Amino acid sequence: MVKFRHFAATAAGLTGFVSVGAVAHRSLAADFVVGDDAPPAISGPPPLEKEAFESRWEVIVGGGASFEPAYEGGKKMKISPIPIVSIGYADWLQLDPGGLGVTLYKDGGFNVDARLGYEPGRSEGDGDLLKGLGDIDFGVTAGIKAGYEWDAFEFYGIIDKTIGGSKGLVGKIGTSYGWHMGEKLIVATSLEATIADKNYMDSYFSVDAAQSAASGLPQYKAKAGLQRVDFDISATYAFDENWLLQAGAGVGLLVGDAANSPIVERELQPKVSLSLGYRF
């Protein structure tokens, strides 16, 4: 029996725990079993086995690429590399390029995780409409996630606070579902809504008087509220006990004050990715 707990979450969530379009939910991190005893469906992670300390560690390395808008709301697409170094321990600790996650509490299907990640910020060079708006600095995010697993479903809520960068507070509510298709393939989907406070909306979607004068865009004040809705799907295939391939696709829809911002060229935000990983 071979377990691939973390590759799917790592490959899809590399833009940070507060990123958009990420398919990085617990159902994707469920065991990937290769062999005659593969179950017909994902039912969440099993209880921790009584095994040696060393055998609880899982390390996956790999890489790939994503194709997505150059900035949130932009029309121009760009290709970005996806480096993968994923380290997990006993289903309660996960460290990867997206950040650090630690399970604080788990009882039956209910779980609470602490999260430490990052907000990548934005450069005014990412799009023509951003010229004159200035850059948004990198920030560190700290937050918490509460979820409930029922069969192959997970229902969850997330709150993340950015230190530096936008200084924003972002909440997410969503659901994910994953299932085995044969012995070597897992397919997973998620639907998620993002709610952002005034700091985040001001940083990424408002245009103040000075920015308006420098960019030529009209002044605009984005209020806190529902910011976007995302749907994602991914397929992870295990060639053997070590090699995995994941393909992902998703689409986000900017709504409300975010969609009405003068910097938004396209409300519909697509994304595709392809990654290859090796488990040690």
Side-chain angles (χ1 to χ4, degrees), residues 8-25 27-28 64-80 82 98-99 115 117-123 126-127 129-130 136 139 141 143 145 154-160 162 165-166 168-178 187-197 200-206 222-235 246-275:
T10 303
L14 294 176
T15 53
F17 280 127
V18 296
S19 66
V20 294
V23 192
H25 308 309
S27 65
L28 281 180
S66 66
F67 186 59
E68 58 189 318
Y71 73 93
E72 189 175 12
K75 186 176 181 179
K76 182 180 178 181
M77 304 289 285
K78 71 173 183 179
I79 298 175
S80 300
I82 300 177
R115 299 149 52 82
Y118 65 91
E119 182 182 282
R122 188 183 70 196
S123 169
D126 289 339
L129 291 182
L130 302 180
I136 302 173
T141 64
K145 171 185 175 183
E154 184 190 18
F155 305 92
Y156 61 90
I158 296 170
I159 297 179
D160 284 314
T162 302
S166 70
L169 182 68
V170 174
K172 297 176 184 286
I173 54 174
T175 183
S176 59
Y177 179 79
V187 177
T189 62
S190 70
L191 180 65
E192 181 177 87
T194 300
I195 303 167
D197 75 347
Y200 184 92
M201 296 294 284
D202 262 345
S203 295
Y204 286 95
F205 298 101
S206 291
K223 301 181 183 67
L226 182 63
Q227 184 245 332
R228 66 181 289 150
V229 177
D230 288 273
F231 174 77
D232 297 280
I233 184 168
S234 72
Q246 186 196 60
V251 61
L253 178 65
L254 296 176
V255 298
D257 280 17
N260 295 327
S261 171
I263 73 159
V264 172
E265 299 174 306
R266 183 169 60 188
E267 298 172 12
L268 208 60
Q269 301 281 280
K271 176 182 178 180
V272 294
S273 64
L274 185 67
S275 302

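Remember, predicted model here, so these are calculated numbers, not experimental data. As a basis for the values below, the full set of heavy atoms in this structure was taken, side chains included, without hydrogen atoms, waters or symmetry mates.
Distance alone, capped at 3.5 Å, places no donor-acceptor pair between the Ser273 side chain and the Ala65 backbone. A donor-acceptor pair is defined here as one N or O able to donate and one able to accept, closer than 3.5 Å; no such pair exists between the side chain of Thr194 and the backbone of Lys172. In this structure, the side chain of Tyr71 engages the main chain of Ile263 through a donor-acceptor pair within 3.5 Å. Remark: side-chain polar atoms of Asp197 are paired, donor with acceptor, to backbone N or O of Tyr200 under 3.5 angstrom. In this structure, the side chain of Asp126 engages the main chain of Ser123 through a donor-acceptor pair within 3.5 Å.
Annotation: the span from Glu265 atom CD to Leu254 atom CG amounts to 11.5 Å, rounded to 0.5 Å. The distance from the NZ atom of Lys75 to the CG atom of Leu268 is 12.5 Å, given to the nearest 0.5 Å. Rounding to the nearest 0.5 angstrom, the gap separating the OG1 atom in Thr175 from the CZ atom in Phe155 is 4.0 Å. Atom CD of Gln246 sits about 6.0 Å away from atom OG of Ser275, to the nearest 0.5 Å. How far CG of Asp230 is from NZ of Lys271: 9.5 Å, rounded to the nearest 0.5 Å. Atom-to-atom distance recorded for Ser80:OG and Phe67:CZ is 10.0 Å, nearest 0.5 angstrom.
Between Ile136 and Ser166, the closest heavy-atom pair is CG2-N, 4.3 Å. Between Tyr156 and Leu191, the shortest heavy-atom distance links the atoms OH-O, 4.3 Å. Pairing each heavy atom of Leu226 with each of Ala193, the nearest pair is CD1-CB, 4.0 Å. Closest approach of Asp160 and Arg115 over heavy atoms only: OD2-NH2, 2.7 Å. Smallest separation of non-hydrogen atoms from Asp232 and Val251: OD1-N, 4.5 Å. Contact detail for Pro262 and Leu129: the closest heavy-atom pair is O-CD1, 3.6 Å.
Side chain to side chain, Glu68 and Ser66 meet the donor-acceptor criterion of an N or O pair below 3.5 Å.
Under the side chain to side chain contact (heavy atoms under 4.5 Å, CB included) criterion, Ala247 pairs with Leu274, not counting sequence neighbours. With sequence neighbours left out, the ring pair (Phe, Tyr, Trp, His ring centres under 6.0 Å) criterion links Phe205 to no other residue.
In this structure, Met77 and Pro69 have side chains that are in contact, with non-hydrogen atoms separated by less than 4.5 Å. Here the side chains of Ser203 and Arg122 are not in contact, with every heavy-atom distance at 4.5 Å or above. Between Thr162 and Val170 there is no side-chain heavy-atom pair separated by less than 4.5 Å.
The one candidate from Gln269, Glu267, Glu72 that meets the side-chain hydrogen bond (donor to acceptor under 3.5 Å, both in side chains) condition with Arg228 is Glu72.
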